[in-house]
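Okay, so here's the structure we're looking at.
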Amino acid sequence: MIEVKNLHKYFDKLEVLKGINEVIETNEVVCVIGPSGSGKSTFLRCLNLLEEPTKGDIVIDGVKINDPKLNINEVRQKMGMVFQSFNLFPHKTVLENITIAPIKVKGLSKDEADKIGRELLERVGLADKADAYPRSLSGGQKQRVAIARALAMKPEIMLFDEPTSALDPEMVGEVLEVMRELTHEGMTMVVVTHEMGFAREVAHRVLFMDGGYIVEQGSPSDIFDHPQNERTQSFLSKVL
Amino acid sequence: MLAKLLEMLGPGFDNFLVVIQKILTVGVWATLKVTVVALFFGVLIGLIACLCKMSKHIIPKAIATVYIEVIRGTPTLVQALFFYFGINGLLVSLSNGSLRMAPLFAGMVVCSLNSGAYVAEIFRAGIQSVDKGQMEAARSLGMPEKLAMREIIMPQAVRTILPSLGNEFIVLVKETSILAIIGVSEITRIGQIQASINYRTFSAYFGVAVAYFCLTFILSRLVNLLERRMAVSD
């Protein structure tokens, strides 16, 4: 369970998050939607402290993670993250991309890690690409490797930061399919996305953010079919 | 005039051969010793200085910044003079002559410190050229910062800076010629000595130039080879 309490984030003098209070339950799939600059990516990046909250607390399973005394690396092992720009390691093969963290961080043997890596590649449909370098992959393939890489640490929570926004349209489906399967396995997921169809289909709850606030939230049908807030209505009328 | 030139050519060529021979027996080894030591310590000092300069802590950052600025802001010739005649001179008079640096040692220190400052800036440019998403991805997998730096950032940085690093190595070979002024028996000094023996200055310094060119040419081929090998795995 992730509890976000009165989260504020400033970049210099610019206030990007203006007090977010939110609880994300275990096994819940939450999609975050909203216009550009609304703070949704910053909100997501605060959850694993890629951005340090200026004020407020992030509490995961009862542990306050933005405590300077806490070893953030251990917390991050339990949270996978997938980025818009993939961020695969270009000097490592696909398999090495997946196994480096299990080997170097968790101390798994190369054989154990390779086994996990190959299983994950099988799962995302890229078993034949194990020894390829990222540059030879398509965008959709890169993102599936990035998901496999995050899953290799056996995280309890997965964070997705616009995972399909940098993809050619014909590749969006294959990535969403992998994510869909994850939701079926009961993974706790927070997904910042512009894929409204995906959000409607898989989300248990949708958060609409604008101007640094969560303006409205509810089930997909509440948000998409009966939005209450004027800004939600205006945003959805433009994107749907 | 042409007749006179031809007349000079024979003894000139003989002198050229003598210079080359002396360079091969003495000078080139001193030059190579200084270069190899300065190359090694230059990269080591450069890496440390670069990490200090990028550090969040104020003290290492300040020390690294001052070091880099001072070295880059003063001529190598002056650094060699100051270090050998200034600092070493001070050392000699303070210890009543019992402590004294050999010119070769002083030359190695000067070149290492000099190269370190330039290498530090090269490393910094390389590290900053790596997309910041790489560090974020590594950290999001639970890697501590040092591990991410070593496994993810540095290998990519080194690949991009290899041409500038290779260039720095070639500059280093040439810069060691400055050590002639503090009396290191490297290539240039050998040429100077030979020229002062028989005043055949043209052939003496031509020999010196040929020797440097051969060294840097070999070095630049080696750097190219290394670059190509590293590009394969890319």
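It should be emphasised that the depicted structure is a prediction, and the values quoted were computed from it without experimental measurement. Basis for what follows: all heavy atoms, side chains included, without hydrogens, waters or symmetry-related copies.
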- Task: Tell me, yes or no, whether the heavy-atom count around A:Glu52 atom CD, taken from other residues, nucleotides or ligands under 6.0 Å, exceeds 12.
- Result: no
- Message: Please check if the number of heavy atoms outside A:Leu14 that lie under 6.0 Å from its CG is greater than 12.
- Response: yes
- Given that the side chain runs from C-beta out, which part of A:Lys106 has a heavy atom under 4.5 Å from chain B: side chain, backbone, both or neither? neither
- Item | chain B contacts, top residue of A:Arg45, A:Met81, A:Lys104, A:Lys78 (heavy-atom pairs, under 4.5 Å) | A:Lys104
- Item | Close approach to chain B in residues 59-77 of chain A, criterion heavy atom under 4.5 Å | A:Ile72, A:Asn73, A:Arg76, A:Gln77
- Crowding at OH, B:Tyr67 (>12 non-hydrogen neighbours, <6.0 Å): yes
- Task: Below 4.5 Å from any heavy atom of chain B, which atoms of A:Leu88 appear? Answer side chain, backbone, both or neither.
- Result: backbone
- Task: Please say whether more than 12 non-hydrogen atoms of neighbouring residues, nucleotides or ligands are located less than 6.0 Å from CZ in B:Arg100.
- Result: no
- In this structure, are over 12 heavy atoms from other groups packed under 6.0 Å from B:Leu94 atom CG? yes
- Task: Could you tell me whether A:Glu122 atom CD has more than 12 heavy atoms of other residues or ligands within 6.0 Å of it?
- Result: no
- Sorted by number, residues from residues 139-151 of chain A in contact with chain B (heavy atoms, under 4.5 Å): A:Arg149, A:Ala150
- Query: Where does A:Met153 contact chain B at under 4.5 Å (heavy atoms): side chain, backbone, both or neither?
  - Reply: side chain
- chain A-proximal positions within residues 129-157 of chain B [heavy-atom distance under 4.5 Å]: B:Asp131, B:Gly133, B:Gln134, B:Glu136, B:Ala137, B:Ala138, B:Arg139, B:Ser140, B:Leu141, B:Gly142, B:Met143, B:Pro144, B:Leu147, B:Glu151, B:Ile152, B:Pro155, B:Gln156
- Message: Report which part of A:Phe83 has an atom under 4.5 Å of a heavy atom belonging to chain B: side chain, backbone, both, or neither.
- Response: side chain
Show me the donor-acceptor pairs, under 3.5 Å and distance only, between side chains in residues 26-47 of chain B and residues at least two apart or in other chains.
| from | atom 1 | to | atom 2 | distance (Å) |
| --- | --- | --- | --- | --- |
| B:Trp29 | NE1 | B:Leu24 | O | 2.7 |
| B:Thr31 | OG1 | B:Gly27 | O | 3.3 |
| B:Thr31 | OG1 | B:Ile187 | N | 3.2 |
| B:Thr35 | OG1 | B:Thr31 | O | 2.7 |

- For atom CZ of A:Phe11, is the number of surrounding heavy atoms from other residues, nucleotides or ligands below 6.0 Å larger than 12? yes
- So with a 6.0 Å cut-off around CZ of B:Phe206, is the heavy-atom count from everything else above 12? no
